[in-house]
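Convention: sequence-line order gives letters A, B, ...; per-chain numbering from 1.
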Amino acid sequence: MLDIALIRRDPDRVRHALVRRGLDASVIDELLRFDEEYRSALTTVERIKAEKNRLSAAIGKAPDKGAAARELQPKIAELTKSISESEERARGLSPAEQGSPLRALLDNLPNLLDDSVPDGASEAANVEVRRWGEPRRFDFAPKPHWELGERLGILDFARAAKLSGSRFAALTGAGAQLARGLTAFFLDRAAARGYAEVAPPLLVSRETMWSTGQLSKFADAMFADAQADLFLIPTAEVPLTAFRSGEILDAAELPCKYAAATPCFRKEAGAAGKDTRGLMRQHQFDKVELVWLSRPEASHEALETLTEDARSLLEELELPHRVVTLCAGDTSFNAAKTHDVEVWIPSSDTYREISSCSNCTDFQARRAAIRFRREAASKPELVHTLNGSGLAIGRTLIALLENNQRADGSIVLPKALEPYVPTTRLG
RNA sequence: GGAGAGGUGGCAGAGUGGUCGAAUGCACUCGCUUGGAAAGCGAGCAGAGGUGAUGAGCCUCUCGAGGGUUCGAAUCCCUCCCUCUCCGCCA
């Protein structure tokens with residue numbers, strides 16, 4: 001959520017960000033009108049309340065309270081009536097009220113963009129900032145991971161479909177061990193880089209989901225239990241970012257870094273027909289997520305560090321990859337700036353996203369009310385939140401199988417995984 | 001799931017209808033004191049919103065959340081949530 005005071009003070013800045021994202025900026029005029037109306041209604045309510053409070057206090061101070069109460073009764077009754085009327089009007093306009101027009105507009109405004117985000121409308125305008133390794137040249141016809149995996153007996157799509165339908169996979173034997181090893185490998189690296197491991201709840205409340213900005217745009221893509229009003233997390237970004245919600249942190253705690261390995265659940269409703277085969281796009285997938293709570297002035301640099309934390313994992317796994325900065329039109333709702341880490345996927349003949357690292361600035365912190373105090377005596381300020389995968393397990397598995405396959409269909413795993421898997425060669 | 005107890009400021013902990021946004025202690029900030037420190041003394045110290053200049057001041061709201069009673073609620077009533085203890089069930 002954006003700061004409404006900032007929208008008032010500098011509406012052009014917000015309009016500019018909307019235009020850069022390819023969105024209609026006229027909502028800002030509408031929003032400012034509703035805001036004006038709301039504040040004027042609020043002032044009215046508060047003025048009448050102040051008057052009533054004065055009279056009540058006068059009764060409290062009177063020597064004969066009963067007599068004073070009787071005397072002021074008619075006047076107070078009138079004010080009470082007037083308050084409930086004007087209050088109803090103000091509540092209907094309040095940004096805090098579910099379903100108010102101001103709330104609806106505010107809920108759907110994406111974050112401001114960082115100045116360094118490149119212009120552009122789509123993926124095509126993303127800017128490569130770093131490349132590591134060379135895509136391997138095969139002297140045989142490389143197979144896609146679903147063929148490799150099924151032949152090796154480590155991926156089972158048919159039985160997963162039998163259990164749950166399409167877009168589910170089962171890992172078996174060495175595949176399950178490899179996934180477990182990767183998870184441990186990623187978590188160990190995160191720990192070494194100062195992330196505190198958390199095993200968070202996988203079901204979260206509507207309020208939590210809203211606080212991290214998932215509900216505004218992605219409600220349709222989430223699995224939920226309507227009766228309990230709980231949502232299966234689409235990413236551990238949600239519980240990790242909201243972990244300290246409502247708290248005021250010590251400045252000494254920042255940056256505060258969390259890592260979690262969790263399953264993620266997504267309906268992927270909008271992705272029908274895309275990546276229908278294999279592990280690429282599943283309703284359920286495992287991921288190690290990295291989250292930062294940072295001082296505002298440090299978040300820009302933090303994004304670079306976070307991205308490097310994710311990227312370096314691919315280097316250790318000896319997988320060719322690159323880092324791109326998303327352009328304005330491709331940067332997601334919550335983010336002010338995003339670096340995607342993309343790994344080479346032979347079956348796609350291109351680099352595919354394996355981690356998306358975002359600086360959400362104060363956008364999530366405002367809703368989640370995550371603040372810190374610079375000095376013991378200073379006012380609380382919003383932190384900046386950042387998140388990124390480090391890394392997605394399934395996609396790492398794809399990359400390892402496809403990039404490291406040999407002509408006979410066997411797979412050689414990188415040395416870095418030696419401590420984490422029973423064997424560094426599959427098949 | 002059942003029974004009981006409880007949820008108050010950064011923490012601890014008073015407060016059972018009227019200047020209570022809230023005693024006191026701790027922590028913290030500033031000052032005095034000191035060669036320096038500790039102790040001691042004095043002052044300050046919740047958050048959000050509106051109005052004002054992103055100042056001072058003024059006003060509104062907030063004592064788990066939401067309703068209600070009342071001129072007036074931290075205090076009384078109702079609903080819900082959470083925590084703790086015991087019992088039941090259970091991986």
Could you measure between the two [atom1] atoms, the one in [N] and the one in [M], and give it in whole Å?
{"N": "A12(B)", "M": "C81(B)", "atom1": "P", "value": "25 Å"}
{"N": "G10(B)", "M": "G57(B)", "atom1": "C1'", "value": "28 Å"}
{"N": "C20(B)", "M": "A74(B)", "atom1": "P", "value": "12 Å"}
{"N": "U70(B)", "M": "C78(B)", "atom1": "C1'", "value": "16 Å"}
{"N": "A14(B)", "M": "G21(B)", "atom1": "C1'", "value": "15 Å"}
{"N": "A5(B)", "M": "U60(B)", "atom1": "P", "value": "37 Å"}
{"N": "G64(B)", "M": "C59(B)", "atom1": "P", "value": "25 Å"}
{"N": "U19(B)", "M": "C80(B)", "atom1": "C1'", "value": "33 Å"}

> Between which nucleotides of RNA chain B, 5' to 3', does chain A make heavy-atom contacts below 4.0 Å?
Replying inline: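 In short, chain A contacts RNA chain B from G18(B) to G72(B).
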Which part of the nucleic acid, if any, lies within reach of [X] when heavy atoms closer than 4.0 Å are counted: base, sugar-phosphate only, or nothing?
{"X": "Lys379(A)", "answer": "sugar-phosphate"}
{"X": "Arg373(A)", "answer": "sugar-phosphate"}
{"X": "Asn53(A)", "answer": "sugar-phosphate"}
{"X": "Ala50(A)", "answer": "sugar-phosphate"}
{"X": "Leu72(A)", "answer": "nothing"}
{"X": "Arg371(A)", "answer": "sugar-phosphate"}

> Taking 4.0 angstrom as the limit, do Glu308(A) and Arg311(A) come out as a salt bridge?
Replying inline: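 Judged by the 4.0 Å cut-off on N to carboxylate O distance, Glu308(A) and Arg311(A) do form a salt bridge.
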>> One thing to verify: whether Arg244(A) and Glu247(A) come together as a salt bridge, which I'm taking to mean a side-chain N less than 4.0 angstrom from a carboxylate O.
In response: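 The answer is yes: the pair qualifies as a salt bridge.
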Can you tell me the pairing partner of [N] across any strand shown, Watson-Crick or G-U wobble, with both distances under 3.5 angstrom?
{"N": "G44(B)", "answer": "C28(B)"}
{"N": "U34(B)", "answer": "none"}
{"N": "U69(B)", "answer": "none"}
{"N": "A23(B)", "answer": "none"}
{"N": "G4(B)", "answer": "C84(B)"}

>> Taking side-chain hydrogen bond (donor to acceptor under 3.5 Å, both in side chains) as the definition, give me every residue that meets it alongside Ser40(A), ordered by chain and number, with sequence neighbours left out.
In response: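 Ser40(A) satisfies side-chain hydrogen bond (donor to acceptor under 3.5 Å, both in side chains) with no residue once adjacent residues are dropped.
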>> Under 6.0 Å between ring centres: does that hold for Phe223(A) and Phe231(A)?
In response: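 No, the ring centres sit 6.0 Å or more apart.
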>> Please tell me whether Phe363(A) and His384(A) form a close aromatic pair, meaning their ring centres lie under 6.0 Å apart.
In response: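 No, the ring centres sit 6.0 Å or more apart.
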>> Return whichever of Ile59(A) or Arg39(A) has its heavy-atom-nearest nucleotide of RNA chain B closer to the 5' end.
In response: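 The answer here is Arg39(A).
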> Of Arg8(A) and Lys61(A), whose closest RNA chain B nucleotide lies nearer the 5' terminus?
Replying inline: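 Closer to the 5' end of RNA chain B: Lys61(A).
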>> Evaluate Tyr258(A) against Tyr195(A) for ring pair (Phe, Tyr, Trp, His ring centres under 6.0 Å), listing each step before the verdict.
In response: CA-CA 5 Å; Tyr258(A) 292 117; Tyr195(A) 292 83; 9.2 Å; no
>> Using the ring-ring contact (aromatic ring centres under 6.0 Å, His included) criterion, which residues pair with Tyr420(A)? Sequence neighbours excluded.
In response: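 Partners of Tyr420(A) under the ring-ring contact (aromatic ring centres under 6.0 Å, His included) test: Phe185(A).
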>> Under the side chain to side chain donor-acceptor pair (under 3.5 Å) test against Arg367(A), which residue among Asp107(A), Asp362(A), Thr241(A), Asn334(A) passes?
In response: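 Exactly one option meets the side chain to side chain donor-acceptor pair (under 3.5 Å) with Arg367(A), and it is Asp107(A).
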> Does G57(B) adopt a syn or an anti glycosidic conformation, taking syn as a chi angle within 90° of 0?
Replying inline: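 You should classify G57(B) as anti.
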